[in-house]
> 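Just dropping this structure here.
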2 protein chains.
Amino acid sequence: MGKQNIPDVIIRRLPIYLRVLEGLYEDSPGDVVSSFELGEKSGVTPAQVRKDLSAIGAVGKPGLGYNIEALRDKLKNILNLDKEIRVGIIGVGNLGHAVARYIIQRYRTERDYHLKLVALFDSNPEIVGQCINGIAIDDMKGFSGKASELGFRMVILAVPAEEAQTVINQCSTAGIEAVLNFAPIHLRAPRGIRIHDTDLSVDLMHLAYYL
Amino acid sequence: MGKQNIPDVIIRRLPIYLRVLEGLYEDSPGDVVSSFELGEKSGVTPAQVRKDLSAIGAVGKPGLGYNIEALRDKLKNILNLDKEIRVGIIGVGNLGHAVARYIIQRYRTERDYHLKLVALFDSNPEIVGQCINGIAIDDMKGFSGKASELGFRMVILAVPAEEAQTVINQCSTAGIEAVLNFAPIHLRAPRGIRIHDTDLSVDLMHLAYYL
DNA sequence: AAGGGATTGTGAAAAATCGCACAAGGTAGT
DNA sequence: ACTACCTTGTGCGATTTTTCACAATCCCTT
């Protein structure tokens with residue numbers, strides 16, 4: 001495959017381009033888009049758009065722009081979104097619950113992003129056994145088994161900060177490769193796992209600076 | 001005030017340092033922390049920690065480290081977290097609802113971060129009038145009035161993508177200065193408003209690359 | 001009071017990222 | 001076919017960010 005070493009800054013912008021392209025595709029499939037328009041709608045300079053697209057091997061036509069559909073497909077390919085991606089959620093409290101419903105809602109009716117929520121886990125006996133939109137909440141004890149059985153390699157972590165590191169280690173053992181961490185703590189990534197920390201409070205505090 | 005022009009990369013790391021410092025403070029108030037330990041727990045190199053802290057005018061003692069309490073207070077000061085920060089949420093669907101409960105829960109029992117949720121807004125008549133933990137959901141029509149009445153300048157945006165830009169413009173008129181945007185769209189910031197976009201799907205797609 | 005050990009603070013180098021500017025290439029209209 | 005116009009692709013320089021390395025500083029023990 002033609003995936004060279006693309007720097008992470010670029011990878012981070014690709015989903016944003018993709019989001020814009022999906023919108024454009026709905027309005028005018030078969031059309032083209034310029035780096036100016038794509039940049040405008042993505043919050044990025046045109047030059048940067050071109051640099052990014054060039055880095056992933058996408059080509060446009062001088063004088064015209066980039067073919068929307070082709071570019072979209074290219075991005076989906078790079079981001080592995082042309083195959084089904086199964087995701088599990090660990091921790092079904094306030095946040096985990098909301099995220100679950102959000103994902104189900106967003107990817108049920110919408111385009112075929114192949115992002116599929118397949119399992120929910122919690123360690124609280126009062127929650128285990130409940131259902132969210134037909135997906136049962138499993139006990140965390142059976143995590144490793146379920147992970148290989150259902151074949152998901154990506155996890156959303158929404159447990160309390162104190163438990164997060166322990167859970168990450170379990171994930172590692174179970175062969176999980178990517179984790180989106182909502183727990184308010186920086187996790188040390190075990191070998192072979194990619195972690196992306198995200199914390200609402202951190203974002204709010206960041207913004208607070210600019211008040 | 002001694003706030004020079006601190007680059008945003010640094011500002012973004014400050015809340016993370018602060019989060020770590022709060023944890024350290026609980027365990028051992030009055031103690032000091034080295035740039036090594038602080039870096040370790042924040043996912044940042046020691047050198048970078050020192051550069052960052054130096055940039056905001058925080059000083060440590062050679063051979064010892066930084067006084068935890070003093071550093072924490074310094075960070076809170078820089079991030080405006082030593083005054084009360086009132087926040088409103090616009091859009092109380094799945095996500096907005098969850099965020100509301102998350103904030104209330106996290107900042108009620110916890111430390112005095114002075115981050116206070118003071119208002120909820122929606123335009124759906126079926127939702128308007130409901131209550132979440134004692135906070136009524138107001139009609140979006142009265143937004144501007146409520147904003148100046150309650151004095152909040154920061155907003156969490158959790159409306160559908162189609163409405164987001166319109167709402168941001170209303171925010172601008174109402175004197176809002178900072179917005180945490182959960183809508184899956186890049187918003188053009190009106191003059192005087194700082195926007196931070198955050199999108200669960202974008203994060204998931206970013207991670208998907210590394211599978 | 002003096003020496004040892006640890007850690008800060010920061011210039012200066014290195015690396016990463018970004019943006020400019022323009023030649024090359026393509027289209028559409030005459 | 002030719003011209004006018006538009007947009008890509010990219011070398012290169014500017015800027016930002018990170019890392020290195022070490023002198024200066026301070027505590028603690030003896």
Side-chain angles (χ1 to χ4, degrees), chain A residues 2 4-17 20-21 24 28 30-75 78 186 197 206 209, chain B residues 2 4-17 20-21 24 28 30-75 78 186 197 206 209:
Chain A
Q4 301 133 56
N5 248 26
I6 308 171
D8 189 68
V9 238
I10 294 183
I11 300 297
R12 230 177 309 166
R13 282 190 291 263
L14 300 186
I16 300 175
Y17 298 148
V20 173
L21 287 166
L24 292 172
S28 49
D31 207 350
V32 295
V33 61
S34 71
S35 60
F36 289 83
E37 184 179 3
L38 185 48
E40 170 76 18
K41 295 191 171 166
S42 305
V44 166
T45 64
Q48 185 134 240
V49 169
R50 294 200 296 276
K51 269 273 164 69
D52 288 349
L53 297 187
S54 168
I56 65 172
V59 292
K61 284 188 181 165
L64 268 192
Y66 300 86
N67 180 292
I68 292 176
E69 187 173 5
L71 185 52
R72 181 199 61 173
D73 290 344
K74 180 88 185 176
L75 288 178
I78 301 259
H186 171 73
D197 295 323
H206 176 198
Y209 173 80
Chain B
Q4 300 134 57
N5 248 25
I6 307 172
D8 189 68
V9 239
I10 294 184
I11 299 297
R12 230 178 310 166
R13 282 191 291 264
L14 300 186
I16 300 175
Y17 297 147
V20 173
L21 287 167
L24 292 172
S28 49
D31 208 351
V32 296
V33 60
S34 71
S35 60
F36 289 83
E37 185 179 3
L38 185 49
E40 171 76 17
K41 295 191 170 166
S42 306
V44 165
T45 64
Q48 184 134 240
V49 170
R50 293 201 296 276
K51 266 274 160 70
D52 288 351
L53 297 187
S54 168
I56 64 172
V59 291
K61 284 188 183 163
L64 269 191
Y66 300 86
N67 180 291
I68 293 176
E69 188 174 5
L71 185 52
R72 181 199 60 173
D73 290 343
K74 181 87 186 176
L75 288 177
I78 300 260
H186 170 75
D197 294 322
H206 176 198
Y209 173 80

> Can you see if the side chain of B:Gln48 gets near the phosphate of D:dT17 - specifically, an N or O under 4.0 Å from OP1 or OP2?
no
> Return the value, rounded to whole Å, for the distance between atom CZ of A:Arg12 and atom C1' of C:dA16.
12 Å
> After noting the C-alpha distance and the side-chain angles of B:His206 and A:Asp8, does the key distance pass the side-chain contact (heavy atoms from CB on, under 4.5 Å) rule?
CA-CA 9 Å; B:His206 176 198; A:Asp8 189 68; 2.9 Å; yes
> Taking C-beta and beyond as the side chain, do B:Leu71 and B:Leu38 meet within less than 4.5 Å on heavy atoms?
yes
> For the atom pair OH (B:Tyr66) and CG (B:Leu75), what is the distance rounded to the nearest 0.5 Å?
11.0 Å
> Tell me the interatomic distance from A:Ile6, atom CD1, to C:dA16, atom P, rounded to whole angstroms.
16 Å
> Any non-hydrogen side-chain atom of A:Ile56 less than 4.5 Å from a side-chain atom of A:Ile11?
no
> Please give the angle, rounded to 10 degrees, between the axes at the start and the end of the helix from C:dA1-D:dT30 to C:dT30-D:dA1, where five pairs define each axis.
20°
> Ignoring hydrogens and angles, tell me if any N or O in the side chain of A:Ser28 forms a donor-acceptor pair with the backbone of A:Asp31 under 3.5 Å.
no
> Between A:Arg13 and C:dT17, is there a contact of a side-chain N or O with OP1 or OP2 at under 4.0 Å?
no
> Whole Å only: how far is the CG atom of A:Asp31 from the C1' atom of C:dT27?
14 Å
> Is there any protein nitrogen or oxygen under 3.5 Å from a nitrogen or oxygen in nucleotides 1-11 of chain D, and what are the pairs?
residue	atom	partner	partner atom	Å
D:dT7	O4'	A:Gly63	N	2.8
D:dT7	O2	A:Gly63	N	3.3
D:dT8	OP1	A:Ser35	N	2.8
D:dT8	OP2	A:Ser35	OG	2.7
D:dG9	OP1	A:Gly60	N	2.8
D:dG9	OP1	A:Gly60	O	3.3
D:dG9	OP2	A:Tyr66	OH	2.6
D:dG9	N7	A:Arg50	NE	2.8
D:dG9	O6	A:Arg50	NH2	3.0
D:dT10	OP2	A:Ser54	OG	3.1
D:dG11	O6	A:Lys51	NZ	3.0

> Report the C-alpha distance between A:Ile10 and A:Leu14 in whole Å, list the side-chain angles of each, state the deciding distance to 0.1 Å, and finish with yes or no for side-chain contact (heavy atoms from CB on, under 4.5 Å).
CA-CA 7 Å; A:Ile10 294 183; A:Leu14 300 186; 4.2 Å; yes
> Specify the separation, in whole Å, of atom CG of A:Asp52 and atom P of C:dC18.
8 Å
> C:dG26 P sits how many Å from A:Asn67 CG, rounded?
16 Å
> Name the nucleic acid region contacted by A:Pro7, choosing base, sugar-phosphate or nothing; use a 4.0 angstrom heavy-atom cut-off, strictly under.
sugar-phosphate
> Within this structure, what is the CG-OG distance for the pair B:Leu21 and B:Ser42, rounded to the nearest 0.5 Å?
7.5 Å
> Would the distance check show the side chain of A:Asn67 and the main-chain N or O of A:Ala70 forming a donor-acceptor pair, the cut-off being under 3.5 Å?
yes
> Mind calculating the distance between CD1 (B:Ile10) and P (D:dT17) to the nearest angstrom?
8 Å
> Might you work through the side-chain contact (heavy atoms from CB on, under 4.5 Å) test for B:Tyr17 and B:Val44, ending with a clear yes or no?
CA-CA 10 Å; B:Tyr17 297 147; B:Val44 165; 3.6 Å; yes
